[in-house]
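Single-structure report; data block below.
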Amino acid sequence: MVGKKQIRTAFRIAVFKRDRYSCAICGKPGKDRQGGQGGDGHKIYHGGVPDEKLVPLDAHHITDRNDMPNGGYVEENGISLCD
């Protein structure tokens, strides 16, 4: 059985990859604020950008996760956002 932490991590990574590790609102290049298992995944998209120039990203739910089955941890219900 997959634990909740693994589900959240997979959700974050999927959302970040889909959004090419960039903020969906402002378009700034970023990386996972938590460092997570996504690790250096952002380097595929922003390899030439120094880490200090990357904004911290977080994966947010679009629809309240409590209103969706399985907590809404599906890529389609996520969005990459910076501060």
Side-chain angles (χ1 to χ4, degrees):
M1 186 170 141
V2 177
K4 190 170 183 177
K5 187 173 183 177
Q6 292 169 312
I7 292 169
R8 284 192 303 245
T9 298
F11 169 75
R12 292 174 68 81
I13 293 169
V15 171
F16 293 150
K17 283 182 179 178
R18 185 207 57 217
D19 293 343
R20 303 179 57 82
Y21 280 84
S22 296
C23 176
I25 301 296
C26 70
K28 290 180 183 173
K31 64 180 180 177
D32 187 345
R33 85 169 51 240
Q34 294 181 1
Q37 292 179 354
D40 290 334
H42 64 279
K43 290 185 178 179
I44 294 169
Y45 306 101
H46 312 299
V49 180
D51 276 0
E52 59 271 5
K53 297 281 186 182
L54 298 173
V55 296
L57 296 174
D58 207 353
H60 289 271
H61 291 87
I62 297 168
T63 299
D64 188 314
R65 61 189 180 88
N66 295 313
D67 295 340
M68 297 188 69
N70 300 319
Y73 288 103
V74 292
E75 179 182 333
E76 298 80 14
N77 189 40
I79 186 169
S80 299
L81 298 174
C82 68
D83 291 337

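This chain uses plain numbering: 1 for the first residue, then up along the sequence.
Counting all heavy atoms, side chain and backbone alike, Cys82 lies closest to Val55 at CB-CG2, 3.7 Å. Pairing each heavy atom of Pro29 with each of Ser22, the nearest pair is CA-OG, 4.0 Å. Closest non-hydrogen pair, Ile62 versus Gly78, comes out as CD1-O, 3.5 Å. Shortest non-hydrogen contact noted between His61 and Gly72 is CD2-O, 3.3 Å. Counting all heavy atoms, side chain and backbone alike, Asp32 lies closest to Gln34 at OD1-N, 2.9 Å.
Under the 4.5 Å side-chain heavy-atom criterion for ILVMFWY residues, no single connected hydrophobic cluster contains both Phe11 and Leu81. By the criterion of side-chain heavy atoms lying less than 4.5 angstrom apart, applied directly or through intervening Ile, Leu, Val, Met, Phe, Trp or Tyr residues, Ile25 is not grouped with Tyr21; the two fall into different hydrophobic clusters. Under a hydrophobic clustering in which Ile, Leu, Val, Met, Phe, Trp and Tyr are joined whenever their side-chain heavy atoms come within less than 4.5 Å, directly or via other members, Leu57 and Ile44 fall into the same cluster.
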Practice task
Just do the side-chain contact (heavy atoms from CB on, under 4.5 Å) check on Arg33 and Asp83 with the steps written out, would you?
Solution key: CA-CA 10 Å; Arg33 85 169 51 240; Asp83 291 337; 2.5 Å; yes
Practice task
Using the side-chain contact (heavy atoms from CB on, under 4.5 Å) rule, take Tyr73 and Met68 through it: C-alpha gap first, then chi angles, then the decisive distance, then the call.
Solution key: CA-CA 9 Å; Tyr73 288 103; Met68 297 188 69; over 6 Å; no
Practice task
Take Lys17 and Tyr45, measure what side-chain contact (heavy atoms from CB on, under 4.5 Å) needs, and give me the verdict at the end.
Solution key: CA-CA 9 Å; Lys17 283 182 179 178; Tyr45 306 101; 4.2 Å; yes
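In this structure, the side chains of Asp51 and His42 come closer than 4.5 Å at one or more pairs of heavy atoms.
Under the 4.0 Å criterion applied to side-chain N and carboxylate O atoms, Arg12 and Asp58 are assigned as salt-bridge partners.
A donor-acceptor distance shorter than 3.5 angstrom exists from the side chain of Asn77 to the backbone of Thr63, with no hydrogens or angles considered.
The 12-atom threshold is not exceeded at CZ of Arg20, counting heavy atoms of other residues, nucleotides or ligands nearer than 6.0 Å.
Atoms CD and CZ, on Glu76 and Arg18 in that order, are 7.5 Å from each other to the nearest 0.5 Å.
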